[in-house]
2 protein chains.
Amino acid sequence: MRQLPATIASKLYGAAELIAERGITEAKMDDIAAASGIPRATLYYYFTGKDEILAFLLTDMLEAIAGEVAAAVGTPGTARERLEAAVHAQIAVMLDQPAACRALVGDLGRATRLPELAHALQEAFQRPIEQLLDEGAADGSLQVQPHPEDASLAIFGAITVAGLYHAVEDTRPSAEQIAKRVLAVLMQGLAG
Amino acid sequence: MRQLPATIASKLYGAAELIAERGITEAKMDDIAAASGIPRATLYYYFTGKDEILAFLLTDMLEAIAGEVAAAVGTPGTARERLEAAVHAQIAVMLDQPAACRALVGDLGRATRLPELAHALQEAFQRPIEQLLDEGAADGSLQVQPHPEDASLAIFGAITVAGLYHAVEDTRPSAEQIAKRVLAVLMQGLAG
DNA sequence: TTTGGTTTGTACTCAAAGTACAACATAGAC
DNA sequence: GTCTATGTTGTACTTTGAGTACAAACCAAA
């Protein structure tokens, strides 16, 4: 995939809705060209094929999430406050591009190989969160986690599924609402 | 899709690994036939196409999860104990068919329309869990949840992502291990 | 042994992904 | 200005594989 001009990148989001609606298989290259306003030949000039278009959307979103999460983690405050900020950040990014989210859940396997995704996720999300859990254990704002990898995975899952669900359904509460509710469960726990 | 003989259904799982590895697009109908030992023409006799094969794997797994979860929920004990049992049950089902899980995350959109999945999930998982949360609030074993829908979504997400992650990676702890760790976070919460 | 569903092989059609390539546009370099 | 690189796009072509058609064989039960 060639270095992508910003104009093209932004136009592509115009096709995300289409891909989300039909799935990448039913969204023909001609349709994507029409929906994005980028001629078919140009698409093939920049991308090796359909899958790479999806891959672009995915990495774009992962980078956005990674960036926002990193920013939130780098903020001053207790580990707990920063964790809350990170959760808000991820949900905000997802709800910012609901169509891309829907397109991606539907066709994840065509955007990336799953083990690579797992790896990218670790870098973008798990690692910073694990660090936060560590720091929280130190500053007392969070509990000590015997298995921080699994804890961060559970956190990521809770956020992501909640975000995706609200991106798929259109009954969309604000990002703040969702984050608040997910955090309520994650922070307080379920036990009575 | 015609009523499927058990012999065919079971053979299909033999193709799940292939589909997981290559993705449904790269797994050609001929390959699926070869991998499952079901002749191509027979596949087309029972299924309208590739997607329906995937749909079969999905509904099969959802039914298994729904069944096990329902059983766990129907058990005697406090709501909390039953919730823990339900979590164990879901993870056990997922790790029982890791290949099908991987195949499905990769190509969810070809197995079902996403809104329908959201709906099926509500029936199979969210509803029983919400009920459990209610009962837990009543018997004191679980906290009162102001937004049980979102709470059950977060629970589902935490479990599912943890399960999928371990199904994709091959560093597979036992279902019990995973369930225990996810539950530790969910029950105790993160706050210090 | 006949009838109706199941199972399977073979041959065919057709949509669309991807490729090839030429024409045109644009912008620095000289 | 004109030359040259690279970017942009239209058009025509190739190829792959999904799905279909259909007939032959196979059962199982009436």
Side-chain angles (χ1 to χ4, degrees), chain A residues 1-60 103-104 106-113, chain B residues 1-60 103-104 106-113:
Chain A
M1 171 184 152
R2 281 169 214 258
Q3 179 57 35
L4 208 61
T7 69
I8 302 244
S10 77
K11 279 185 187 173
L12 271 180
Y13 282 94
E17 177 69 35
L18 173 82
I19 299 175
E21 225 53 57
R22 305 209 192 144
I24 193 72
T25 313
E26 287 308 306
K28 308 304 177 188
M29 214 51 176
D30 277 332
D31 304 332
I32 294 176
S36 63
I38 306 166
R40 199 181 117 98
T42 306
L43 286 174
Y44 276 111
Y45 178 74
Y46 282 107
F47 300 100
T48 58
K50 262 178 165 189
D51 293 5
E52 222 182 41
I53 295 177
L54 217 52
F56 161 75
L57 290 176
L58 176 62
T59 57
D60 204 58
L104 288 168
D107 292 288
L108 243 201
R110 296 202 51 184
T112 180
R113 298 194 60 252
Chain B
M1 175 185 150
R2 281 169 215 258
Q3 178 58 35
L4 208 62
T7 68
I8 302 246
S10 77
K11 280 185 186 172
L12 271 181
Y13 283 94
E17 178 70 33
L18 173 83
I19 299 175
E21 225 54 55
R22 306 211 191 142
I24 192 74
T25 312
E26 287 307 306
K28 309 304 178 188
M29 214 51 177
D30 277 333
D31 304 333
I32 295 176
S36 63
I38 307 167
R40 199 181 117 96
T42 306
L43 286 173
Y44 277 111
Y45 178 74
Y46 282 107
F47 300 99
T48 58
K50 262 178 164 189
D51 294 3
E52 222 180 43
I53 294 178
L54 218 49
F56 162 75
L57 290 176
L58 177 62
T59 56
D60 204 58
L104 288 169
D107 293 287
L108 243 201
R110 296 200 54 181
T112 179
R113 298 193 60 251

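On a predicted model such as this, the values are computed, not experimentally measured, just so you know. No hydrogens, no waters, no symmetry mates; every other heavy atom, side chains included, goes into these values. Throughout, protein chains are lettered first and strands after them, A, B, ... in sequence-line order, and every chain is numbered starting at 1.
- Of the possible polar contacts, none joining the B/Thr42 side chain to the B/Ile38 backbone as a donor-acceptor pair under 3.5 Å is found.
- Distance alone, capped at 3.5 Å, places no donor-acceptor pair between the A/Arg40 side chain and the A/Met29 backbone.
- A distance of 6.0 Å separates CG in A/Leu57 from CD1 in A/Ile19, rounded to the nearest 0.5 Å.
- One interatomic measurement links the two molecules: CG of B/Asp31 to P of D/dG17, which rounds to 8 Å at whole-angstrom precision.
- A/Tyr44 places its OH atom 16 Å from the P atom of D/dT15, with the value rounded to the nearest Å.
- What separates CD of B/Glu26 from P of C/dA17 is a distance of 13 Å, to the nearest Å.
- Distance, A/Asp30 CG to C/dT19 C1': 15 Å, rounded to whole Å.
- In this entry the distance linking CG of B/Leu43 with C1' of D/dT20 reads 15 Å, nearest Å.
- The distance from atom OH of B/Tyr45 to atom P of C/dT10 is 20 Å, rounded to the nearest whole Å.
- The backbone N or O of B/Ala27 sits less than 3.5 Å from a side-chain atom of B/Lys50, completing a donor-acceptor pair.
- Under 4.0 angstrom from either OP1 or OP2 of D/dG19 there lies no side-chain N or O belonging to B/Lys50.
- In a base pair of the Watson-Crick type (N1 to N3 plus N6-O4 or O6-N4) or a G-U wobble (N1-O2 and O6-N3), with each distance short of 3.5 Å, D/dA5 is matched with no nucleotide.
- Base orientation of D/dA24: anti, since the glycosidic angle falls outside 90° of 0.
- A/Ile8 has its CD1 atom 7 Å from the P atom of D/dT9, to the nearest Å.
- When rounded to the nearest whole Å, the span between CG of A/Asp51 and P of C/dG18 equals 7 Å.
- Ranked by how close their nearest DNA chain C nucleotide is to the 5' end, A/Ala27 and A/Ala41 are led by A/Ala27.
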Check your understanding: For A/Leu12 and A/Phe47, what are the C-alpha separation, side-chain angles and deciding distance, and is it a side-chain contact (heavy atoms from CB on, under 4.5 Å)?
Key -> CA-CA 12 Å; A/Leu12 271 180; A/Phe47 300 100; 3.5 Å; yes

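- Pairing partner, C/dT26: none, since no Watson-Crick or wobble contact has both distances short of 3.5 Å.
- Side-chain nitrogen and oxygen atoms of B/Arg40 include none within less than 4.0 Å of the OP1 or OP2 phosphate oxygen of D/dG19.
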